[in-house]
Each structure stands twice: as C-alpha cells, then as structure tokens.
> 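Below is the structure I would like to discuss, written out as structure tokens.
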Amino acid sequence: MTIRQKFLKAVYPVFMWLNKMNGGEQSMLSNSKASPAVPFYSLEDTANSGQEFDFASLKGKKVLLVNTASDCGFTGQYDDLEKLHQKYQGKLVVLGFPSNDFKEQEKGSDEEIAEFCKINFGVTFPLMKKSTVKKGTTQNKIFKWLSDPQQNGWNKRQAVWNFSKYLVDENGKLVNYFGPAISPMDEMVLKAIEGDRYTDDTDEMDFADKAY
C-alpha cells in the first residue's frame, strides 16, 4: 500500500462525511416495473483470474455490481462491500469491476489489484478483469448493459466515478443505481437488498456530478 493509499484509507470516514455534508454524488435510482430486453443471465465476463464468469450462475440471488479503484477517496468502500458479502452470503453476490477510467486511479495489473484487495481489505468477493466502464467503443459489456435502457429496460445512468453501484434482483432485473458517495452499508442499500423498494416507478433522488 502506498503512502497515498494509507492516507486515503485512514481518512475515509471523514471523506465520506464531508461528501455527505457537501452534497456529493448521492443519487439513487430505483425501478420496479421495467424488465430487461436483454436477459441479465445471458451475459458473460472474465474474472480477475482469467476464467470465464457466466452470469447464469447468479440466478436466484441479488447482485451488486461496482466499478472499483485502488487509489481513490472511495477505496475504503472495499471494507463495506466485503461486509455486505459476508452479511448476505447465499442471498447477495458482490462483483467488483476494477477500472482506470477516472483520473487513472487504478494503474495496477489484475494480479496487483487482487493482492491489494486481499491484503488491505480482506476482499473475498469476486473481482473481474480490469476494464473500461465508461461509455465508448471499449466499454465493458456488463456496464454497457447496466447503462443502456435498450438492454436493461430503463436505466441510462453510467458510472460517474469509482464505486458507482448497481443492484440486480434475484430475477435478473436491474432495480437500483446508487452513486459513489453512498456507502455500501447505507440504509438505502440495505433496504434495497432486503427487498424494501422506495417507489413503484422509476425514481431519482438528488444528483450531482462531482470529481473525487
């Protein structure tokens, strides 16, 4: 862990508090009616280890998909993502998608990323190979699905920064987007995982684009 990473980990609680007080990117989108045009379970990706990861294996479980980075103010969320993974084992799968899209905050190789996450945050949930999550010709096809309403049925919000979060229910329906400044252990996220929806239609809370 670099000096910068140690500093970011130490000040993470204060960083999250300041973002909340200053109106950081705390948007939440929800959906309960729209179904995907392209089945979630038809998707595939490549795991950090190089093995193919078939999303059909996720049937019957909720899935939280998060674009991650090792050198970001939100990197401390790895701790909370692992807590979610442990808390809801058998009910929820957390998937991390390392990306260097935002201010080059994930420069390591797949091997270095896996080691960093395991040693510093005890991460045991699956990580995918590093990829591009922002829209464009090289966008990861999973994040293409998550941000394309013609595929997922309703949502066009792409990842705006590291640790944007998307929740898919046990039937393969995209039901929530949570902004980077919303902690994985926030009450909104926990209620969504436990099946407590906020609205019957697609809804959006306050949104603000900021760089962290």
Side-chain angles (χ1 to χ4, degrees), residues 29 36 38-70 72 74-102 105-106 108-118 120-134 139-148 151-152 155 157-180 182-186 189-190 192-194:
L29 301 174
V38 176
F40 179 70
Y41 302 122
S42 69
L43 303 176
E44 295 180 346
D45 202 2
T46 305
N48 178 278
S49 63
Q51 295 182 330
E52 291 304 306
F53 191 97
D54 187 350
F55 279 47
S57 66
L58 302 172
K59 289 181 179 179
K61 298 179 182 179
K62 289 184 169 69
V63 185
L64 188 69
L65 305 97
V66 188
N67 62 299
T68 63
S70 302
C72 175
F74 291 123
T75 299
Q77 290 191 19
Y78 269 128
D79 265 336
D80 287 338
L81 290 170
E82 179 63 22
K83 288 177 183 177
L84 278 184
H85 171 67
Q86 297 294 337
K87 179 179 176 68
Y88 294 107
Q89 279 196 34
K91 180 178 180 179
L92 172 75
V93 177
V94 177
L95 295 179
F97 292 78
S99 170
N100 197 37
D101 288 356
F102 302 101
Q105 294 181 348
E106 186 55 277
S109 66
D110 288 305
E111 293 78 11
E112 289 169 337
I113 293 167
E115 183 178 12
F116 171 84
C117 291
K118 182 177 181 180
N120 298 293
F121 297 97
V123 167
T124 61
F125 58 81
L127 296 172
M128 301 295 107
K129 287 188 70 67
K130 187 166 73 170
S131 63
T132 298
V133 300
K134 293 173 69 175
Q139 185 181 27
N140 179 298
K141 56 190 173 184
I142 308 302
F143 275 73
K144 170 68 173 175
W145 186 92
L146 291 169
S147 59
D148 182 358
Q151 294 192 35
N152 65 57
N155 178 59
R157 177 75 73 231
Q158 67 172 318
V160 297
W161 197 255
N162 305 311
F163 294 88
S164 298
K165 308 160 194 72
Y166 299 83
L167 182 66
V168 173
D169 73 9
E170 52 273 276
N171 298 309
K173 181 189 295 185
L174 178 61
V175 291
N176 287 103
Y177 163 86
F178 299 100
I182 296 178
S183 166
M185 294 296 289
D186 188 280
V189 180
L190 298 181
I193 292 170
E194 292 168 4

> Checking the side chain of Lys165 only, and the main-chain atoms of Gly179 only, is there a donor and an acceptor separated by less than 3.5 Å?
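A pair under 3.5 Å: yes.
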
> Would you say the side-chain atoms of Thr68 pair up with the backbone N or O of Gly96, donor to acceptor, closer than 3.5 Å?
no

> Got Tyr88 and Val94 here, is their nearest side-chain heavy-atom distance under 4.5 Å?
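They are not in contact (no side-chain heavy atoms under 4.5 Å apart), so the answer is no.
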
> Flag the pair Phe125 / Val93 as yes when at least one side-chain heavy-atom distance between them is below 4.5 Å, and no otherwise.
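The answer is no, as the side chains (C-beta and beyond) never meet within the 4.5 Å cut-off.
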
> Quick one: list whatever passes salt bridge (charged side-chain N to carboxylate O under 4.0 Å, His left out) with Asp148, sequence neighbours left out.
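Asp148 satisfies salt bridge (charged side-chain N to carboxylate O under 4.0 Å, His left out) with Lys144 once adjacent residues are dropped.
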
> Under the side-chain hydrogen bond (donor to acceptor under 3.5 Å, both in side chains) test, which residues partner Lys62, sequence neighbours left out?
Glu170

> How about Phe40 and Val63: do any of their side-chain heavy atoms sit closer than 4.5 Å?
yes

> Has the side chain of Asn152 got a donor or acceptor atom that lies under 3.5 Å from a matching backbone atom of Leu174?
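Pair absent, no side-chain N/O of Asn152 close to backbone of Leu174.
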
> Quick one: do His85 and Leu92 satisfy side-chain contact (heavy atoms from CB on, under 4.5 Å)? Show the steps, please.
CA-CA 7 Å; His85 171 67; Leu92 172 75; over 6 Å; no

> Look at the side chain of Asp54 and the backbone N and O of Ser57, then say whether any donor-acceptor pair between them is shorter than 3.5 Å.
no

> As a quick check of understanding, evaluate side-chain contact (heavy atoms from CB on, under 4.5 Å) for Leu84 and Leu190, giving each step before the final call.
CA-CA 9 Å; Leu84 278 184; Leu190 298 181; 3.6 Å; yes

> Ignoring hydrogens and geometry, is there a side-chain-to-backbone donor-acceptor pair from Gln139 to Thr132 under 3.5 Å?
no

> Any pair with a residue in residues 40-51 that passes side-chain hydrogen bond (donor to acceptor under 3.5 Å, both in side chains), sequence neighbours left out, goes on the list, sorted by first then second residue, please.
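side-chain hydrogen bond (donor to acceptor under 3.5 Å, both in side chains) check on residues 40-51 returns Asp45-Asn140, Thr46-Glu52.
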
> Could you walk me through whether Val38 and Trp145 pass the side-chain contact (heavy atoms from CB on, under 4.5 Å) test, one step at a time?
CA-CA 8 Å; Val38 176; Trp145 186 92; 3.9 Å; yes

> Are the side chains of Val168 and Val175 in contact, using a 4.5 Å heavy-atom criterion?
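No, every pair of side-chain atoms sits at 4.5 Å or beyond.
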
> For residues Pro184 and Gln77, report the shortest heavy-atom separation together with the two atoms involved.
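Result for this residue pair: CD-OE1, 3.4 Å.
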
> What pairs with Phe116 under ring-ring contact (aromatic ring centres under 6.0 Å, His included), at least two apart in sequence or on another chain?
Phe121

> Are any non-hydrogen side-chain atoms of Ile182 and Tyr177 less than 4.5 angstrom apart?
no

> Between Ile113 and Gly108, which heavy-atom pair has the shortest distance, and what is it?
CD1-O, 3.7 Å

> Test Val123 against Leu81 for side-chain contact (heavy atoms from CB on, under 4.5 Å), laying out the working first.
CA-CA 8 Å; Val123 167; Leu81 290 170; over 6 Å; no

> Quick check: are there more than 12 heavy atoms from other residues, nucleotides or ligands sitting under 6.0 Å from CD of Gln89?
yes

> Hey, what do you get for CD (Glu106) to CD (Glu112), rounding to the nearest 0.5 Å?
9.0 Å

> Minimum heavy-atom separation for Lys91 and Glu194, please, with both atom names.
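Looking at all heavy atoms of both residues, the shortest contact is NZ-CA, 3.7 Å.
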
> With a 4.5 Å heavy-atom cut-off, do Cys117 and Leu127 have their side chains touching?
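Cys117 vs Leu127: side chains touch.
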
> Taking all heavy atoms of Gly172 and all of Pro36, pick out the closest pair and write down the distance.
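In this case the closest contact between Gly172 and Pro36 is O-CG, 3.6 Å.
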
> Between Ser99 and Asn67, is the side-chain hydrogen bond (donor to acceptor under 3.5 Å, both in side chains) condition met? List the steps.
CA-CA 6 Å; Ser99 170; Asn67 62 299; 5.5 Å; no

> Taking all heavy atoms of Asn176 and all of Ala192, pick out the closest pair and write down the distance.
OD1-CB, 3.5 Å

> Roughly how far, to the nearest 0.5 Å, is CZ of Phe178 from CG of Leu29?
9.5 Å

> Taking all non-hydrogen atoms of both residues, which atom of Val160 and which atom of Pro180 are closest, and how far apart?
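What the structure gives for the nearest pair is CG2-CD, 3.9 Å.
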
> Indicate yes or no for a side-chain donor-acceptor contact from Asn162 to the backbone of Ala69 under 3.5 Å, with no hydrogens or angles considered.
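Looks like no, no N/O pair under 3.5 Å.
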
> Using modelled atom types only, decide if a donor and an acceptor are shared between the side chain of Tyr78 and the backbone of Lys118 within a distance under 3.5 Å.
no

> Going from OG on Ser109 to CD on Glu115, what distance comes out if it is rounded to the nearest 0.5 angstrom?
9.0 Å

> How many angstroms lie between atom CG of Asn100 and atom OG of Ser131, to the nearest 0.5 angstrom?
11.0 Å

> Does the Asn171 side chain pair with the main chain of Lys173, one donor and one acceptor, at a distance under 3.5 Å?
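Flag not set: sc Asn171 to bb Lys173 has no pair under 3.5 Å.
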
> State the CD1-CG distance between Ile193 and Asp169, to the nearest 0.5 angstrom.
12.5 Å

> Does Lys129 have any salt bridge (charged side-chain N to carboxylate O under 4.0 Å, His left out) partners at least two apart in sequence or in another chain, and if so, which?
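Expected list: Asp110.
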
> I'd like to check Gln105 versus Cys72 (side-chain heavy atoms, cut-off strictly below 4.5 Å). Are they in contact?
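The answer is yes; the side chains approach within 4.5 Å.
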
> Sequence neighbours left out, what passes ring-ring contact (aromatic ring centres under 6.0 Å, His included) with Phe97? Give chain and number order.
Phe143

> Tell me whether Gln151 contacts the main-chain N or O of Pro39 through its side chain, where contact means a donor paired with an acceptor under 3.5 Å.
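No, Gln151 side chain to Pro39 backbone: no donor-acceptor pair under 3.5 Å.
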
> Quick one: does Phe55's side chain get under 4.5 Å of Leu95's, heavy atoms only?
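They are in contact (side-chain heavy atoms under 4.5 Å apart), so the answer is yes.
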
> Please work out which of the three classes, parallel, tilted or perpendicular, describes the rings of Phe102 and Trp161, given edges at 30° and 60°.
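Ring orientation of Trp161 relative to Phe102: tilted.
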
